[in-house]
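As the structure is a prediction and not an experimental result, all values here were calculated from the model.
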Amino acid sequence: MKTLITICLIGAFVSCQGQEKHEETTLKKQQKTMELDTTKQMNILDEKVKIFDKVFTLAGAGEDNPLGGATNYLELIEKMDAPEDLKQQIREIYDLYDTSLDPKKKEELKIKVSKMLQEGIDKSMIEQQK
């Protein structure tokens, strides 16, 4: 009976040790992956503008091309027929998105998001007081 209990305790101890090592190796692999992934990802908004410009050009839109020959999203914003305050808001959101694509700019992204959230909170507080 004592040997059975001893074997069970040893088995439980060994299995617990194995799980701990597995979790440690998983964490180490995740950290290595994050350290290696320092390249900026492709900006999908800019790529969409390029593709749609080519599509409209190939379709023969000419002067009626809604993108007007824009090569990136910021140029498209400038060519938009919209109020300047709306354009500025879209530029800020685009800048936030573009910053989020670069893993090296995580601190800058945190600052920008915090600033935008604070401005939104301040704006809503002013509107509530009216």
Side-chain angles (χ1 to χ4, degrees):
M1 182 72 172
K2 289 182 182 180
T3 55
L4 181 62
I5 293 174
T6 306
I7 292 173
C8 289
L9 287 174
I10 291 173
F13 179 72
V14 170
S15 66
C16 290
Q17 291 295 325
Q19 289 178 355
E20 182 177 317
K21 289 180 182 178
H22 175 70
E23 289 175 1
E24 288 177 7
T25 56
T26 304
L27 288 174
K28 288 179 183 178
K29 287 180 183 177
Q30 288 176 348
Q31 287 175 346
K32 285 182 181 179
T33 303
M34 291 179 73
E35 289 172 2
L36 295 175
D37 188 21
T38 57
T39 58
K40 185 175 177 179
Q41 297 175 1
M42 181 186 340
N43 189 323
I44 300 296
L45 293 174
D46 287 342
E47 294 303 315
K48 283 182 179 180
V49 169
K50 290 176 188 174
I51 290 170
F52 284 130
D53 185 53
K54 288 179 184 176
V55 167
F56 285 117
T57 302
L58 290 173
E63 292 181 17
D64 295 333
N65 187 342
L67 300 178
T71 58
N72 62 33
Y73 197 73
L74 287 175
E75 288 180 16
L76 179 62
I77 293 170
E78 293 303 318
K79 294 178 181 191
M80 288 172 73
D81 186 24
E84 188 58 38
D85 58 333
L86 179 62
K87 286 183 179 181
Q88 183 59 33
Q89 187 178 11
I90 295 171
R91 279 188 217 104
E92 289 173 3
I93 293 170
Y94 171 80
D95 187 42
L96 184 68
Y97 168 71
D98 192 47
T99 304
S100 73
L101 297 174
D102 194 351
K104 296 177 183 177
K105 295 184 178 180
K106 291 200 185 270
E107 286 301 317
E108 184 179 342
L109 178 64
K110 288 178 186 177
I111 293 169
K112 287 181 180 183
V113 169
S114 297
K115 181 182 173 185
M116 287 182 78
L117 286 173
Q118 189 60 46
E119 288 173 358
I121 291 170
D122 293 344
K123 193 176 192 179
S124 66
M125 294 294 284
I126 292 171
E127 289 177 2
Q128 283 182 349
Q129 291 176 356
K130 289 182 179 180

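Classification of Glu127 and Lys123 as a salt-bridged pair fails, no side-chain N sitting under 4.0 Å from a carboxylate O.
When all heavy atoms of Leu76 and Ala70 are compared, the pair lying nearest together is N-CB, 3.8 Å.
Going from atom OH of Tyr97 over to atom CG of Leu45 covers 5.0 Å, rounded to the nearest 0.5 Å. The distance from the NZ atom of Lys112 to the CD atom of Glu108 is 4.0 Å, given to the nearest 0.5 Å. The CG atom of Leu67 sits 8.5 Å away from the NZ atom of Lys79 when rounded to the nearest 0.5 Å. The distance from the CG atom of Asn72 to the CD atom of Glu75 is 4.5 Å, given to the nearest 0.5 Å. Rounding to the nearest 0.5 Å places CE of Met80 at 6.0 Å from CG of Leu86. To the nearest 0.5 Å, the span separating OG on Ser124 from CD on Gln129 amounts to 9.5 Å.
In Gln89, the CD atom is not crowded: 12 or fewer heavy atoms of neighbouring residues, nucleotides or ligands sit closer than 6.0 Å.
Under a hydrophobic clustering in which Ile, Leu, Val, Met, Phe, Trp and Tyr are joined whenever their side-chain heavy atoms come within less than 4.5 Å, directly or via other members, Leu117 and Leu109 fall into the same cluster. Ile111 and Met116 are assigned to two separate hydrophobic clusters, defined by single-linkage of ILVMFWY side chains at heavy-atom distances under 4.5 Å. The same ILVMFWY cluster, assembled from side-chain heavy atoms under 4.5 Å apart, contains both Leu96 and Ile93.
Under the rule for a ring-ring contact (aromatic ring centres under 6.0 Å, His included), Phe56 has no partner lying at least two apart in sequence or in another chain. In terms of the side chain to side chain contact (heavy atoms under 4.5 Å, CB included) criterion, residue partners of Val55 (sequence neighbours excluded) are, by chain and number, Ile51. Lys48 meets the side chain to side chain contact (heavy atoms under 4.5 Å, CB included) test with Ile44, Phe52; sequence neighbours excluded.
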